[in-house]
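On a predicted model such as this, the values are computed, not experimentally measured, just so you know. Chain letters run A, B, ... following the sequence lines, proteins first, then strands; residues in each count from 1.
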2 protein chains.
Amino acid sequence: MTSAAQARIIAAALGLFARHGVGGTSLQMIADEIGVSKAAVYHQYKTKEEIVRAVALDELAAVEAVLAEAEAKASPAEARDAALQGMVDLAVTRRRQTTSILSDPVIGRLFARDKHLHQVMSRLNRLLMGPDGGPDSHLETAMLTAAISGAVMHPLVSKRDDETLRAQLTLLARRFLGVNGG
Amino acid sequence: MTSAAQARIIAAALGLFARHGVGGTSLQMIADEIGVSKAAVYHQYKTKEEIVRAVALDELAAVEAVLAEAEAKASPAEARDAALQGMVDLAVTRRRQTTSILSDPVIGRLFARDKHLHQVMSRLNRLLMGPDGGPDSHLETAMLTAAISGAVMHPLVSKRDDETLRAQLTLLARRFLGVNGG
DNA sequence: GTCTATAGTGCGATAGAC
DNA sequence: GTCTATCGCACTATAGAC
């Protein structure tokens, strides 16, 4: 499915997309980052768009892993907190990456009508807002994920060390949801 | 200061940056959007970076207008709500633009150490969190602005009409800050 | 799976006429 | 303030050897 060579390309592209945007990243930059030629990259992915897709799907898979873990919890309250904590962890440990990839306009248009993404958002919405959340709850989920992602990217926040950032984000995210405990 | 020709360039560039990212937007695209040649664009701005700067400063000016209006209010509570409402209005009426410009990695690095941006964020922080907010309050401000901006860009939310979006965002933003009234 | 070499296109930027 | 024309370069993508 995903070879070692492909995994190297995805990892390199992810970092470069985050730093320069999708449009500002060339195949030459990706090839140089791994230490191979452009042709070697083209052997794995026929077009740049395929690379963009692969990177985005890889990030989406990381979110799905969080969802699966949360859905395995015994109670809805535990599941909600696991989802919340998992999203915070994802944003903090991968910092600018997962996060700024998903806010790139190119990726946004590529996935705006993607069923897979809708499905993931629905699962996340269900975990965070409960099964009986109306359509309004989707805005709440969107705001929360944007708040978490956007905060770690923020120029004035990025100096903080991971542990305090994680703790503060968790606290504020819980407050947004109206949850007090852990 | 800013001529009519420059204003046309900034407006065109803003829309294109939002759709394709800064790196994915060429000077030819900007020129075509206005209906002039590349050379005409170069007559106004000597480099692409100058255009990027001008666009970002223009967006920052829109935020400053909101701040000035809020700071003119009589009470801190009124000022806070005016700032909150102003930021929501900005995000909703300009939708993907103000918002996705400021999240572009190229713009982010260009302004990460910009005194002007820090000043604007401090004023916003003071309005939203009060004068005695510690350093932790900056994270709260960053989360709130990211939540507002990110929510209007979100693929699953962008279908909503402006009025309901504005109302719901305002409600949720107030809840995040722990304010109940209007 | 990687390379060199190259085709063809579009880029940012400049010169000079009107 | 706008144009045409052009430079030199980097880009995406392909062909073919190893």
Side-chain angles (χ1 to χ4, degrees), chain A residues 1-59 100-101 104-111, chain B residues 1-59 97 100-101 104-111 114:
Chain A
M1 195 102 272
T2 303
S3 69
Q6 287 174 330
R8 280 199 302 275
I9 291 173
I10 290 177
L14 173 60
L16 290 166
F17 288 170
R19 285 204 295 283
H20 305 107
V22 173
T25 301
S26 70
L27 294 186
Q28 186 66 68
M29 291 162 78
I30 297 175
D32 288 349
E33 185 92 354
I34 316 173
V36 298
S37 72
K38 278 189 291 183
V41 175
Y42 269 105
H43 179 72
Q44 303 296 337
Y45 296 102
K46 282 197 280 283
T47 64
K48 184 180 175 180
E49 183 174 319
E50 273 189 29
I51 299 179
V52 174
R53 269 213 143 72
V55 169
L57 286 176
D58 198 59
E59 293 307 298
S100 56
I101 279 301
D104 190 284
V106 176
I107 304 234
R109 252 204 311 295
L110 206 62
F111 279 84
Chain B
M1 196 103 272
T2 302
S3 68
Q6 288 174 330
R8 280 200 303 275
I9 291 172
I10 290 177
L14 173 60
L16 289 166
F17 288 170
R19 285 204 294 281
H20 305 107
V22 172
T25 301
S26 71
L27 294 185
Q28 186 67 68
M29 291 162 78
I30 298 174
D32 288 350
E33 185 91 354
I34 316 173
V36 298
S37 72
K38 274 194 293 182
V41 174
Y42 270 104
H43 181 73
Q44 304 295 337
Y45 297 102
K46 282 196 278 284
T47 65
K48 184 180 176 180
E49 183 174 318
E50 273 190 29
I51 299 179
V52 174
R53 268 212 145 74
V55 169
L57 286 176
D58 198 60
E59 292 308 299
Q97 300 189 345
S100 56
I101 279 301
D104 190 285
V106 176
I107 306 233
R109 254 202 313 294
L110 206 63
F111 280 83
D114 185 275

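- Looking at heavy atoms from C-beta onward, Leu57(B) lies in side-chain contact with Phe111(B) at the 4.5 angstrom threshold.
- At dC11(C), one or more side-chain N or O atoms of Ser26(B) fall inside 4.0 Å of OP1 or OP2 (strictly under the cut-off).
- For Arg109(B), the salt bridge (charged side-chain N to carboxylate O under 4.0 Å, His left out) criterion is met by no residue, not counting sequence neighbours.
- Using a 4.0 Å heavy-atom criterion, one finds that Ser37(B) contacts the bases of the nucleic acid, with or without backbone contacts as well.
- The separation between His43(B) atom NE2 and dA15(C) atom C1' is 14 Å, rounded to whole Å.
- Residue Ile51(A) holds its CD1 atom at 6.0 Å from CD1 of Ile9(A), rounded to the nearest 0.5 Å.
- One finds the CD atom of Gln44(B) at 12.5 Å from the CD1 atom of Ile30(B) (value rounded to the nearest 0.5 Å).
- The salt bridge (charged side-chain N to carboxylate O under 4.0 Å, His left out) contacts involving residues 27-44 of chain B comprise Arg19(B)-Glu33(B), where partners must be two or more places apart or lie in separate chains.
- One atom, CD1 of Ile34(B), and another, P of dG1(D), lie 13 Å apart when rounded to the nearest Å.
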Dump every N/O contact between nucleotides 13-17 of chain D and the protein below 3.5 Å, one line per pair.
from, atom 1, to, atom 2, distance (Å)
dA13(D), OP2, Tyr42(A), OH, 3.0
dA13(D), OP2, Lys48(A), N, 3.0
dA13(D), O5', Tyr42(A), OH, 3.4

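- Inter-residue side-chain proximity for Met29(A) and His20(A) is flagged as met; some heavy-atom pair is nearer than 4.5 Å.
- Listed by residue number, the members of residues 4-16 of chain A with any heavy atom below 4.0 angstrom from DNA chain C are Ala5(A), Arg8(A).
- To the nearest angstrom, P of dA10(D) lies 12 Å from CG of Asp32(A).
- dT12(D) atom C1' lies 12 Å from atom CD1 of Ile30(A), rounded to whole Å.
- Partners of Tyr42(B) by side chain to side chain contact (heavy atoms under 4.5 Å, CB included), not counting sequence neighbours, listed by chain and number: Leu27(B).
- Atom CD of Gln28(B) and atom P of dC3(D) are 11 Å apart (whole Å).
- With sequence neighbours excluded, the residues satisfying side chain to side chain donor-acceptor pair (under 3.5 Å) with Glu49(A) are Arg53(A).
- Taking atom NE2 of residue His20(A) and atom P of nucleotide dC11(D), one finds them 12 Å apart after rounding to whole Å.
- In this structure, CD of Gln44(B) is placed 12 Å from P of dC3(D), rounded to the nearest angstrom.
- The two atoms that bring Phe17(A) and Val22(A) nearest to each other are CD2-CA, 3.9 Å, heavy atoms only.
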